[in-house]
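First the structure, in the form of structure tokens, and then the observations on it.
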Amino acid sequence: MENKSKQDLTVQRDSATLSVWQRNAIMPDLQQTKGFNRDQVYDCLIVGAGITGITTALLLQQAGLNCVIAEARSAGFGTTSGTSAHLNTFFDATYPEIESDFGHDAAKLTAQAGKEAFDIICSFVKDLKIDCDLEFKQAWLYAENEKENKELIQILEASKRAGLQVEIATESDVPVPFSTVIKFEQQGQFHPLKYINGLLAEYIALGGILLENTPIISYEPEGDSHIAKAGSVAIKANKIVYATHMPPGINLLDLSNAPYRSYVIGLRLKDDQYPAGLAYDMQEPYHYFRTHIIDGQKYLLVGGEDHKTGHGDPDKAFENLKTYVSQYYKVESVDFEWSAQYYVPADGLPYIGQLPGHDQDIFVATGFNGNGMMFGTLSGRIIADLILGKKNKYQQLFDPSRLKPLAGFKAFVKENADVAWHFLADRFSFERLDELQKLKAGEGKLVKFEDKQLAVYKDATGKITALNPTCTHAGCIVQFNHAEQSWDCPCHGGRFDISGKVLNGPPTQDLEKIIINYDLQV
């Protein structure tokens, strides 16, 4: 990986690795806290300053509402800075799956939703003159064996029925052998941080407030409005939108979403055989390819090797990607490697709308699978319409309270059986503390010491940091992620840095630090 310290970069993110987008997306000085009034009741508080939160806030601010964005760290800190930034109208939940689970009309409506999300992005780029490398692309989806061939033809036919421009092709855009390939028109890509910078600048220009380093811990009703608390800061608002993947606390969405990590590498090639479009295989997990130019240099972005958060081996995932791509491309260097988090919904479609089990003024958007840029944008439109009292044709399809006893039932049982297993099994898998003497710098382990369960980490100087490994969200035991130098919860995807500070919700409280009377310095 390129030797460049995080301190040299203005844009920070929720992982130790650096994404290609952090290179040249310096956040502008927006006078972000100017005008915030603790006594004012704002029309809407948006929690989270990624693409979902900023899009929602801008649409509401344009409609004349007074909004506040509260971001726990800095704008773009989460998945928006770790996406691979594909703009697709075909999704991880395929159109045959949507037809089977929700019906033909739902598949058509989902396709329309994808097109509308793309249109929203294009309109913002044009109207606000955002320089974010937006490009229209063709996308190839290819099969490599007979089983995949049958699935691909089903995808082709269902995608056509849904209204997409797609056809059988005779060649692919990448040098991977295939048996069948289809080509989608009107797909795209962009630079996600440059894009949200443009949205944020317009939001601030319209009088919107951005409060960074303001993690919302809880909220409570106060008369006809709500008061949200972030340490000593209290924000009063009539409506609250959680644009944070998962809202804080234990709720129904914890049981209907599964957290996953996805991996991307950015390479320079010895020749100029960079793909012109987007390409995807049908393996499980699948791989994808695209090209992006950063500061005049072309990079081949290759992603895949996804696994549940806290379950797989991140280092092995990166090595697998490098091995995979070297079979087909002449690699000069691997300049970037990073991972990011997303949530897989139980029935394949995202949850956008009122938060189940809470009052009608609380909204949520999550379960985007690997399509966060599209569904994050669409969420902004749906939630803005709900808040403004407008009818939205996608509201019912993506309603978080929808009941689909068949769609997603198997996934629901599988994911939550896994969660239940971790509640118990993780508590009986600790190693002896003596093994810490063998810990390498930058390594973390779960151990048992004096009847205490510990998550321990050794830094480059040999200093040991010990934490209570019980996730502060629902009580699962965190696992160490060596590649990202973080402690990840295998149940609901909460992530903490090596000092125990929250990186990703749903937890709102840091891991407890443990003082141990034992000399572990080496």
Side-chain angles (χ1 to χ4, degrees), residues 50-52 78-80 82-102 106-107 109-111 113-118 139 141 151 155 158-159 162 164 184 187 189 192 243-246 253-264 278 280-288 290 303-309 311-312 339-353 364-380 382 394 397-400 402 404 407-412 414-416 418 492-493 504 506:
I51 191 170
T52 304
T79 301
T80 301
T83 177
S84 56
H86 292 239
L87 303 177
N88 298 125
T89 54
F90 64 95
F91 304 111
D92 285 16
T94 65
Y95 286 104
E97 292 171 333
I98 298 171
E99 284 185 347
S100 174
D101 292 339
F102 294 89
L109 197 57
T110 303
K115 293 176 182 178
E116 182 164 335
F118 207 155
L141 179 63
E151 294 174 357
I155 291 173
S159 298
L164 298 189
F184 291 86
Q187 308 301 299
Q189 63 183 47
T244 55
H245 281 308
M246 300 300 289
L253 293 178
D254 292 324
L255 301 177
S256 53
N257 287 276
Y260 275 76
R261 300 296 294 177
S262 185
Y263 299 84
V264 192
L278 316 172
Y280 311 81
D281 67 20
M282 296 182 63
Q283 297 182 24
E284 183 60 43
Y286 68 87
H287 302 91
Y288 52 83
R290 82 172 185 85
E305 298 296 323
D306 303 12
H307 62 73
K308 278 197 73 176
T309 300
H311 288 245
S339 71
Q341 186 139 307
Y342 65 92
Y343 282 77
V344 177
D347 61 15
L349 295 183
Y351 302 102
I352 306 167
V364 69
T366 189
F368 298 160
N369 216 317
N371 310 114
M373 298 300 96
M374 301 300 282
F375 284 131
T377 300
L378 185 70
S379 296
I382 294 173
Y394 311 115
L397 179 61
F398 300 127
D399 187 346
R402 64 181 181 263
K404 298 294 291 184
F409 180 75
K410 291 182 179 179
F412 177 90
K414 176 183 176 182
E415 297 294 0
N416 287 288
D418 174 76
H492 304 112
N504 294 126

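Predicted model only: the values in this text are computed from it and were never measured. Hydrogens, waters and symmetry mates play no part in the numbers below; they use all other heavy atoms, side chains included.
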Please find the pair of heavy atoms, one from Ser262 and one from Tyr342, that lie closest to each other, and give the distance.
CB-CE2, 3.6 Å
Phe398 versus Ala113, closest heavy-atom pair with distance:
CE1-CB, 4.1 Å
Residue list, ring-ring contact (aromatic ring centres under 6.0 Å, His included) with Phe184, at least two apart or on another chain:
Phe90
If you measure from OH on Tyr394 to OG on Ser379, what distance do you get to the nearest 0.5 Å?
12.5 Å
Determine whether a donor-acceptor pair (N or O, by modelled atom type, separation under 3.5 Å) exists between the side chain of Thr83 and the backbone of Thr79.
no
Hits for ring-ring contact (aromatic ring centres under 6.0 Å, His included) against His86, two or more places apart or cross-chain, chain-then-number order -> Tyr280, Tyr288
Results of ring-ring contact (aromatic ring centres under 6.0 Å, His included) for Tyr343 - residues two or more places apart only:
His245
Are Met373 and Phe368 side-chain neighbours, meaning at least one heavy-atom pair lies under 4.5 Å?
no
Contact check, side chains of Glu151 and Thr94, non-hydrogen atoms, under 4.5 Å
no
To the nearest 0.5 Å, how far apart are CZ in Phe375 and CZ in Phe91?
4.0 Å
Do you know the tightest heavy-atom contact between Ser84 and Arg290?
O-NE, 2.9 Å
When rounded to the nearest 0.5 angstrom, what distance separates CG in Asp306 from NE2 in His287?
9.0 Å
CE/Met374 to NZ/Lys115 distance, rounded to the nearest 0.5 angstrom?
11.0 Å
Contact check, side chains of Pro350 and Asn369, non-hydrogen atoms, under 4.5 Å:
no
Thr89 backbone acceptor or donor facing Gln187 side chain under 3.5 Å
yes
Shortest non-hydrogen contact from Tyr351 to Ser256?
OH-O, 3.3 Å
Which pair of heavy atoms, one from Val364 and one from Pro400, lies closest together, and at what distance?
CG1-CG, 4.1 Å
To the nearest 0.5 Å, atom OH of Tyr260 lies from atom CD of Gln341 at 11.5 Å
Taking Glu97 for the side chain and Gly348 for the main chain, is one N or O donor matched with an acceptor at less than 3.5 Å?
no
To the nearest 0.5 Å, what is the distance between OG1 (Thr309) and CG (Asn504)?
8.5 Å
Show the nearest heavy-atom pair for residues Ala243 and Thr52, with the distance to one decimal.
CB-CG2, 3.8 Å
Side chain to side chain, Leu397 and Leu109, heavy atoms closer than 4.5 Å
yes
Going through the distances and angles, do Thr110 and Ile98 end up as a side chain to side chain contact (heavy atoms under 4.5 Å, CB included)?
CA-CA 8 Å; Thr110 303; Ile98 298 171; 3.9 Å; yes
